[in-house]
2 protein chains.
Amino acid sequence: MSEAPPTAPKRSRIQQRNRKRILEAALDVFSQHGYRGSTLDQIAEAAGLSKPNILYYFSGKEEIHVTLLARLMEAWLDPLEQMNANGDPLTELLGYIRRKMEMSRLYPRESRLFANEIIQGAPRMGGNLETGLKPLFDEKCRLIQDWVDAGLLAPVDPAHLIISIWATTQHYADFEAQVRVLIPDNEAAWTAAQQHVETMFTKLLAP
Amino acid sequence: MSEAPPTAPKRSRIQQRNRKRILEAALDVFSQHGYRGSTLDQIAEAAGLSKPNILYYFSGKEEIHVTLLARLMEAWLDPLEQMNANGDPLTELLGYIRRKMEMSRLYPRESRLFANEIIQGAPRMGGNLETGLKPLFDEKCRLIQDWVDAGLLAPVDPAHLIISIWATTQHYADFEAQVRVLIPDNEAAWTAAQQHVETMFTKLLAP
DNA sequence: TCGTGACTTTACCAAATGGTAAAAAAGAGA
DNA sequence: TCTCTTTTTTACCATTTGGTAAAGTCACGA
């Protein structure tokens, strides 16, 4: 029996609450230990439910993980989608960078969940990368290329620009354990990071 | 019985050969599946040895992983160590970036092993981060700060500069699965990436 | 308040997995 | 060749882990 009817996902209040709990707990556990490093017992304990009870709401461990990844994908793409073709190029790109930085700071678990999955070759992402990420990536690459061609930005490879924005912003969430050792003052680290990243891309992009 | 006598690690030819095989196989497996995602059976199969035979050379799964991480740390620090205080600042930094990029291209498994470990909170790195990485990081931060103070580089936060160099260069190895989807032509991707990263940091650092 | 379907718990299980004991085999030196 | 040490294999084992069956328990509308 499929647990996610495509037509009507009508779920009772209890179902909504418990599914939410489970996904929240699973995000915690999966992002910290990776897929295989996490156990249903850990997730169950974190969710305050019994293991069989969890399997009443999800068909298995993998389905929980896949559900998390699918939901995450939307949230992840959103800041890029917001980049407006009609705005000022530099402003739009810096806005995107700021939103990305914000996400790293506010949702490090999501970032690490994603990173874990990609590093291991994205075995559970299905076609999400091709069907979700790629089209948007290509679209925004064309947009940036147009801006460059119009002389509104310094010449830059759009694809690698986006990739380097991802790299720098996500790094602070994904490699937090390292950053914390190297820059002990966490508060200061984030503001300085914000400053640094903005300066870097401003210098790169100013026409 | 400790397997690594601190005084004399005198190992027979067979020991040397088999330990090497095991570490090579383990690097393959660990970097692809993470610590808990990897099994001794997988490592044994990849090494062409039986599981108990592997446990004849290493006291357990964790010891293999820790050994890999410790070895990796040295290789990882080397490019940064090479950055010379007496050279031209911009040349030295670009040289470092080039070496880092090279390492990502040539040793993606090592990069991913490291990334996996850090993302999960570095539970098996022991004090390697504090005792190995931190001192060198601090030393090079001071060096860069001196260069900035002498007006040889544009004003930049040394710590975040180094971190952003790591982020951009390692991203191509760690997130290879994603990059391959977005930029299908792998050959072109690397040369364009090299170009992009160099341009980016040149613009950031030129005084 | 009673019955029915939604939800939970208890008691399991089979497979996988890290690891061990001890016997067998293979080397190496005399 | 014979002996002693190193290396490898065979046969296990205890625990963990994802998952199931089935017997409860609960909530809510009639």
Side-chain angles (χ1 to χ4, degrees), chain A residues 1-5 8-30 32-69 116 120 123-124, chain B residues 1-5 8-30 32-69 116 120 123-124:
Chain A
M1 229 159 287
S2 155
E3 56 52 70
K10 50 181 175 184
R11 299 214 169 91
S12 75
R13 242 166 299 115
I14 293 178
Q15 287 220 6
Q16 275 184 294
R17 174 173 53 84
N18 282 353
R19 281 181 64 96
K20 208 172 184 175
R21 271 194 194 176
I22 292 168
L23 289 174
E24 169 66 21
L27 175 58
D28 237 52
V29 176
F30 279 137
Q32 201 169 111
H33 303 108
Y35 179 75
R36 282 218 46 191
S38 306
T39 70
L40 282 175
D41 290 290
Q42 278 177 292
I43 296 171
E45 160 135 31
L49 298 171
S50 68
K51 183 167 65 175
N53 203 178
I54 279 184
L55 293 167
Y56 174 75
Y57 291 100
F58 291 89
S59 70
K61 182 181 174 183
E62 182 156 354
E63 204 211 308
I64 303 177
H65 198 258
V66 167
T67 303
L68 276 177
L69 283 175
N116 259 313
Q120 300 185 8
R124 277 167 293 275
Chain B
M1 231 158 285
S2 157
E3 55 53 70
K10 51 182 174 185
R11 300 215 169 91
S12 75
R13 243 166 296 113
I14 294 180
Q15 287 219 7
Q16 274 185 296
R17 175 172 53 84
N18 281 354
R19 280 180 65 95
K20 208 173 186 175
R21 271 194 194 177
I22 292 168
L23 289 174
E24 169 66 22
L27 175 58
D28 237 52
V29 176
F30 279 136
Q32 203 169 109
H33 306 287
Y35 179 74
R36 284 218 44 192
S38 305
T39 69
L40 282 175
D41 289 290
Q42 279 176 292
I43 296 170
E45 159 135 32
L49 298 170
S50 68
K51 183 168 64 175
N53 202 8
I54 279 184
L55 292 168
Y56 173 74
Y57 291 100
F58 291 89
S59 69
K61 183 183 174 181
E62 183 157 352
E63 204 211 308
I64 302 177
H65 197 257
V66 167
T67 303
L68 275 177
L69 283 176
N116 259 314
Q120 299 185 9
R124 278 167 294 276

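Naming convention: chains lettered A, B, ... in sequence-line order (proteins, then strands); numbering from 1 in each chain. If you're wondering where the values come from, they're calculated on a predicted model, not measured in any experiment.
Within a 6.0 Å radius of CD in B:Gln16, other residues, nucleotides and ligands contribute more than 12 heavy atoms.
If you check the side chains of A:Glu63 and A:Ser59, you find a donor sitting under 3.5 Å from an acceptor. Using modelled atom types, one finds a donor on one side chain and an acceptor on the other under 3.5 Å when comparing B:Gln120 with A:Asn116.
At a threshold of 4.5 Å between non-hydrogen side-chain atoms, the residues A:Lys20 and A:Glu24 do not count as touching. Put simply, the side chain of B:Ile43 reaches to within 4.5 Å of the side chain of B:Phe30, judged on heavy atoms. Side-chain contact check for A:Thr39 versus A:Lys51: every heavy-atom pair is 4.5 Å or farther apart.
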Exercise. Going 5' to 3' through nucleotides 9-23 of chain C, assign each nucleotide B (protein heavy atom under 4.0 Å from a base atom), S (under 4.0 Å only from sugar-phosphate atoms) or - (no protein heavy atom that close).
Key: BBB-----SBBB---

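Put simply, B:Tyr56 has no side-chain N or O that comes within less than 4.0 Å of OP1 or OP2 on D:dT8. A sub-4.0 Å separation between OP1 or OP2 of C:dA6 and a side-chain N or O of A:Gln15 is absent. Contact between the side-chain N/O atoms of A:Tyr57 and the OP1/OP2 oxygens of C:dC7 is not found at any separation under 4.0 Å.
The nearest whole Å value for the distance from the CD1 atom in B:Ile22 to the P atom in D:dT7 is 12 Å. One can place CG of A:Asn18 at 13 Å from C1' of D:dC26, the figure rounded to the nearest angstrom.
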